[in-house]
There are 2 protein chains.
Amino acid sequence: MLDEDVKTQARSHTKCASCPVRHRAVCARANSDELTLLDSVKFYKTYQAGQTIALRGDPLEVLSSVVSGTATLSQSMEDGRTQIVGLLLPSDFIGRPGRDTVAHDVTAVTEVTLCCFRRKPFENLLVNMPHVQVRLLEMTLDDLDAARDWMLLLGRKTAREKIASFLLLIAHRSVANAEKTLANEVRIELPLSRETMATYLGLTIETVSRQFTALRKDGLISLDGTRSVFVPDVAALAAEVGDGE
Amino acid sequence: MLDEDVKTQARSHTKCASCPVRHRAVCARANSDELTLLDSVKFYKTYQAGQTIALRGDPLEVLSSVVSGTATLSQSMEDGRTQIVGLLLPSDFIGRPGRDTVAHDVTAVTEVTLCCFRRKPFENLLVNMPHVQVRLLEMTLDDLDAARDWMLLLGRKTAREKIASFLLLIAHRSVANAEKTLANEVRIELPLSRETMATYLGLTIETVSRQFTALRKDGLISLDGTRSVFVPDVAALAAEVGDGE
DNA sequence: CGGCTGCTTGACCGTCATCAATAAATGTGG
DNA sequence: CCACATTTATTGATGACGGTCAAGCAGCCG
């Protein structure tokens with residue numbers, strides 16, 4: 001992990017009890033004893049939009065949960081072709097106990113605040129935190145399912161279907177806070193630029209842009225600026241997905 | 001899971017001690033106590049090539065390890081487009097403790113023998129098998145890394161790169177038994193048909209076939225029949241991958 | 001107001017999918 | 001073991017989808 005350029009306020013602590021991701025993150029099922037353990041070793045860290053949080057191959061010294069903001073996991077080829085292999089939204093876990101190097105590049109796309117644990121102490125504590133251990137397995141399995149869903153998107157879906165899938169994914173994840181169900185119409189605030197979306201969807205920026213225009217002309221979405229999307233008929237957009245999600 | 005058409009010899013037991021995947025599967029780190037527990041509840045089951053092992057949405061009653069043969073995990077859209085999201089080779093684990101329905105279709109591509117555990121008893125035993133629990137998390141994390149590597153392949157690689165990546169993947173996995181390193185030249189026995197490869201690589205069968213002939217004409221591989229590939233210069237083939245694998 | 005960055009639109013082209021016709025491999029019954 | 005049928009693989013012709021290159025446009029900040 002990179003330490004430079006970290007804001008000074010970054011290392012402020014916050015009580016777990018008032019943590020916005022307390023009930024969704026790796027600590028979701030922790031009992032009070034476990035929470036006390038975690039609380040004693042955690043520290044916050046904030047990254048600015050665009051900053052690199054970790055690079056593949058780096059020594060893996062810190063594990064963390066996303067508290068706020070959006071980050072990406074990505075994988076690159078030598079010639080620069082890049083694929084985002086995971087979106088990291090609040091409550092997502094970064095890093096892998098039992099491994100000593102970083103497997104994928106991690107980048108902040110908005111300002112990101114992480115709740116961090118040094119890896120070794122965390123691994124040692126883990127044996128005394130069975131609920132955390134179980135939650136970690138559960139979250140990893142969820143990530144695996146999500147990755148496999150994305151493989152269908154990358155391998156088989158058309159550009160239009162990819163965009164529709166992405167919009168609905170963001171819609172779902174942003175209401176996940178409250179209820180799990182979506183209204184008939186939704187306003188979505190995109191956390192990603194066109195370029196980042198393209199990298200996530202296995203497309204180019206031009207194709208992403210064209211598909212947004214096409215969906216707008218077809219009345220399936222309307223745009224307010226470039227980051228705010230209004231979906232007047234969620235079911236109609238969902239019909240563009242093909243299936244699966 | 002489907003019970004019909006299962007061979008009668010299928011439920012024969014085999015001692016764990018003589019199991020070919022004893023040191024790589026979910027039981028790899030099990031101590032003798034844990035192994036005794038597993039041994040008491042496990043049963044073998046064999047599926048013929050082409051048989052469906054489980055379908056998405058089915059109640060998830062059985063977890064298992066692949067003992068021999070090859071199976072696929074796949075995800076389909078309503079119109080029939082299908083993406084294979086995981087190859088299941090000997091030692092791989094099938095199913096997910098803590099979930100009650102099957103997440104992906106599982107299909108035998110060769111004759112497959114599974115070492116099965118009923119889910120509920122297995123989950124109950126799991127709390128008394130810490131080494132199995134840890135191994136399961138480790139294997140899940142490995143699967144996640146593999147899935148993410150595949151996302152790069154599906155999203156960004158050319159057809160030629162995909163085929164080269166696939167050949168090397170199979171080469172690596174088939175020598176994983178012995179040492180982890182590859183010789184200068186390798187003979188690969190493909191466990192998959194052209195069609196199944198296409199479904200795995202996000203291509204069509206025609207494109208797969210064309211790329212095989214292209215690689216053959218370029219002297220990077222030679223074919224003996226349709227399933228046996230000889231790679232005279234592994235490094236040369238690896239140079240076709242672009243990166244990553 | 002200019003300059004920057006990010007987005008959109010257009011013209012063109014390449015890779016891979018589609019459709020279609022062999023060819024090779026595999027299986028079956030006489 | 002060979003004729004025949006069926007499945008699987010290869011090869012060809014053609015076209016569409018999305019990539020590439022390039023120009024214009026919009027929002028943002030000094």
Side-chain angles (χ1 to χ4, degrees), chain A residues 48-50 77 79-83 107 109-110 152-167 189-218 221-229 240 242, chain B residues 48-51 77 79-83 107 109-111 153-167 188-218 221-229 240 242:
Chain A
Q48 296 308 303
M77 298 170 63
D79 62 7
R81 280 176 285 172
T82 300
Q83 177 66 49
T107 311
V109 297
T110 64
L152 176 66
L153 177 143
L154 291 174
R156 295 299 176 191
K157 290 191 180 178
T158 65
R160 185 183 179 94
E161 289 168 339
K162 286 178 176 182
I163 299 289
S165 300
F166 172 74
L167 290 175
E189 300 304 321
L190 299 177
L192 306 184
S193 67
R194 296 288 185 271
E195 164 134 51
T196 311
M197 280 186 257
T199 309
Y200 191 31
L201 296 171
L203 296 171
T204 60
I205 183 173
E206 295 94 332
T207 300
V208 171
S209 188
R210 276 188 249 272
Q211 294 302 329
F212 268 95
T213 310
L215 290 174
R216 186 166 49 71
K217 285 186 177 159
D218 293 347
I221 61 174
S222 58
L223 295 172
D224 178 16
T226 177
R227 293 290 190 107
S228 181
V229 180
E240 298 291 331
Chain B
Q48 297 308 303
Q51 268 193 303
M77 298 169 61
D79 62 7
R81 279 177 286 172
T82 300
Q83 177 65 50
T107 311
V109 297
T110 64
E111 178 173 293
L153 177 143
L154 291 174
R156 297 298 176 190
K157 290 191 180 177
T158 65
R160 185 182 179 95
E161 289 168 340
K162 286 178 175 182
I163 299 289
S165 300
F166 173 75
L167 290 175
I188 305 172
E189 300 303 320
L190 299 177
L192 306 183
S193 67
R194 296 288 185 270
E195 164 134 49
T196 311
M197 280 186 258
T199 309
Y200 190 31
L201 296 170
L203 297 171
T204 59
I205 182 172
E206 294 95 331
T207 299
V208 171
S209 189
R210 275 187 251 272
Q211 294 301 329
F212 267 95
T213 46
L215 290 174
R216 185 167 47 72
K217 284 183 177 161
D218 293 347
I221 62 174
S222 59
L223 296 171
D224 179 15
T226 177
R227 294 289 191 109
S228 182
V229 180
E240 298 292 331

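Lettering of chains follows the sequences in order, A, B, ..., and the numbering in each one begins at 1.
Atom P of nucleotide dT20(D) and atom CD of E195(A) are separated by 13 Å, given to the nearest angstrom. If you take CZ of R227(A) and P of dC7(C), they are 6 Å apart, rounded to a whole angstrom. Across the protein-nucleic acid pair, R156(B) atom CZ and dC16(C) atom C1' stand 16 Å apart, rounded to whole Å. We find that NZ of K217(A) is positioned 12 Å from P of dT8(C), with the value rounded to whole Å. Between the P atom of dG18(D) and the CG atom of L154(A) lies a distance of 13 Å, rounded to the nearest Å. For the pair R81(A) CZ and dT20(D) P, the computed distance is 9 Å after rounding to whole Å. Here the P atom of nucleotide dA25(C) and the CZ atom of R194(B) are 11 Å apart, to the nearest Å. Rounded to a whole Å, the CG atom of L223(A) is 11 Å from the C1' atom of dT8(C).
A donor-acceptor pair is defined here as one N or O able to donate and one able to accept, closer than 3.5 Å; no such pair exists between the side chain of Q51(B) and the backbone of T107(B). A donor-acceptor pair under 3.5 Å is formed between the side chain of R81(B) and the backbone N or O of R156(A). Not one N or O on the side chain of S209(A) forms a donor-acceptor pair closer than 3.5 Å with the backbone of I205(A).
Scanning all heavy atoms of the two residues, the minimum distance from A164(B) to E240(B) falls at CB-CB, 3.9 Å. Nearest heavy-atom pair across V208(A) and I163(A) is CG1-CD1, 3.9 Å. For the residue pair T196(B) and S193(B), the shortest heavy atom distance occurs at OG1-OG, 2.9 Å. The two residues V229(B) and F212(B) have their closest heavy-atom pair at CG2-CE2, 4.1 Å. Heavy-atom minimum distance, P191(A) versus T110(A): O-CG2, 4.0 Å. For the residue pair Q83(B) and G155(A), the shortest heavy atom distance occurs at OE1-CA, 3.5 Å.
Nucleic acid contact for T204(B): base, since at least one base atom lies under 4.0 Å from a heavy atom of the residue.
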A correct 5'-to-3' footprint of nucleotides 24-30 of chain D, with B, S and - meaning base, sugar-phosphate only and no protein heavy atom under 4.0 Å, is -------

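Closest to the side chain of E206(B), from the set dT11(D), dC21(D), dA9(D), is dT11(D).
Counting non-hydrogen atoms of neighbouring residues, nucleotides and ligands closer than 6.0 angstrom, the CD atom of E189(B) exceeds 12 such neighbours.
No side-chain heavy atom of Q211(B) sits less than 4.5 Å from a side-chain heavy atom of L201(B).
Taking five base pairs at each end of the helix from dC1(C)-dG30(D) to dG30(C)-dC1(D) and finding the rotation axis that steps the C1' atoms of four pairs onto the next four gives two axes whose angle is 40°, to the nearest 10°.
Contact check of residues 207-216 of chain A against DNA chain D (heavy atom, cut-off under 4.0 Å) returns T207(A), R210(A).
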